[in-house]
*Asks:* 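Take this structure first; my questions come after.
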Amino acid sequence: MAKKYWLIKSEPDVFSLDHLKNCPDQTEHWDGIRNYQARNLMRDEMQEGDEAIFYHSNAGKETGAVGLSRVVSESAYPDYTSWDPKSKYYDEKSSEENPRWVMVDFKWRAEFPKLVSLQDMKKADNLDGMLVIKQGQRLSIQPVEKKHFVEVCKMGGLKASEIKALGL
DNA sequence: GCCAACGTTGGC
DNA sequence: GCCAACGTTGGC
């Protein structure tokens, strides 16, 4: 199956692109997704090798796309924080036997030389229809068209040769 | 910190 | 199955 393109949102105070970069093997599991639409996308659509724009939400002037990551788990697997009573992501309706939520692993790939702010994306000519610039779009995992994905990379200051080298 | 958007819950 | 109340997201 052809790889897919995504945008993943994270509040940088909670988990930033730099956090991901500093993880062992620059890889971390993406836990805590508690929205059915986002879960279904992860569970049914995401697979190893998929590319994701890393977006910082709720970050004042820094709100926007900051870099790239990639799915490195084969596919989605149960989010074990959902049945851990000590976790803030605990959900009493989820259990090890019957997990309600899933997660995937993401690996750091690139940091944009410059922030692509939400405003920049809204103003861009070539991003019509991109979900993140729609009003009230709160989904934390969004599918992105490849042409939009590449356009955001360009706006972030990646050179054509670098984009090619990333296999995009 | 405000509040619009919108997802979820639960009474009926 | 409707919909009001409530909770959360996230831009500003």
*Asks:* Of all residues at least two apart in sequence or in a different chain, which pass the salt bridge (charged side-chain N to carboxylate O under 4.0 Å, His left out) check with Lys9(A)?
*Replies:*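 Not a single residue meets the salt bridge (charged side-chain N to carboxylate O under 4.0 Å, His left out) criterion with Lys9(A).
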
*Asks:* Which residues pass the side chain to side chain donor-acceptor pair (under 3.5 Å) test with Asp84(A), sequence neighbours left out?
*Replies:* none

*Asks:* Tell me, please, which residues at least two apart from Tyr36(A) pass ring-ring contact (aromatic ring centres under 6.0 Å, His included).
*Replies:* Trp101(A)

*Asks:* Using a 4.0 Å heavy-atom cut-off, does Gln135(A) contact any base of the nucleic acid, only the sugar-phosphate backbone, or nothing at all?
*Replies:* sugar-phosphate

*Asks:* Do His29(A) and Tyr80(A) have ring centres separated by under 6.0 Å?
*Replies:*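 Yes, close enough.
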
*Asks:* For Lys134(A), answer base if it contacts any base atom (sugar-phosphate contacts may also be present), sugar-phosphate if it contacts only those atoms, and nothing otherwise; contact means non-hydrogen atoms under 4.0 Å.
*Replies:* nothing

*Asks:* Contacts to DNA chain B from residues 53-67 of chain A, heavy-atom cutoff under 4.0 Å, which residues?
*Replies:* none

*Asks:* Only pairs at least two apart or in different chains count here, so list each ring-ring contact (aromatic ring centres under 6.0 Å, His included) that has a residue in residues 37-58 of chain A.
*Replies:* Trp30(A)-Phe54(A), Phe54(A)-His56(A)

*Asks:* I'd like the 5' and 3' limits of the part of DNA chain C contacted by chain A, with heavy-atom contacts below 4.0 Å.
*Replies:* dG7(C) to dC12(C)

*Asks:* Can you list the residues that meet the side chain to side chain donor-acceptor pair (under 3.5 Å) rule with Ser69(A), with sequence neighbours excluded?
*Replies:*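 By the side chain to side chain donor-acceptor pair (under 3.5 Å) rule, Ser69(A) matches no residue at all.
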
*Asks:* Contacts to DNA chain C from residues 84-106 of chain A, heavy-atom cutoff under 4.0 Å, which residues?
*Replies:* none

*Asks:* Using the test side chain to side chain donor-acceptor pair (under 3.5 Å), find all partners of Thr63(A) that sit at least two apart in sequence or belong to another chain.
*Replies:* none

*Asks:* Among residues at least two apart in sequence or on other chains, which ones pass salt bridge (charged side-chain N to carboxylate O under 4.0 Å, His left out) with Glu145(A)?
*Replies:*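 In terms of salt bridge (charged side-chain N to carboxylate O under 4.0 Å, His left out), with neighbours along the sequence ignored, Glu145(A) is linked to Lys147(A).
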
*Asks:* Checking Asp44(A) now: which residues fulfil side chain to side chain donor-acceptor pair (under 3.5 Å) with it, not counting sequence neighbours?
*Replies:* none

*Asks:* Of all residues at least two apart in sequence or in a different chain, which pass the salt bridge (charged side-chain N to carboxylate O under 4.0 Å, His left out) check with Lys3(A)?
*Replies:*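 Here the qualifying residues are Glu51(A).
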
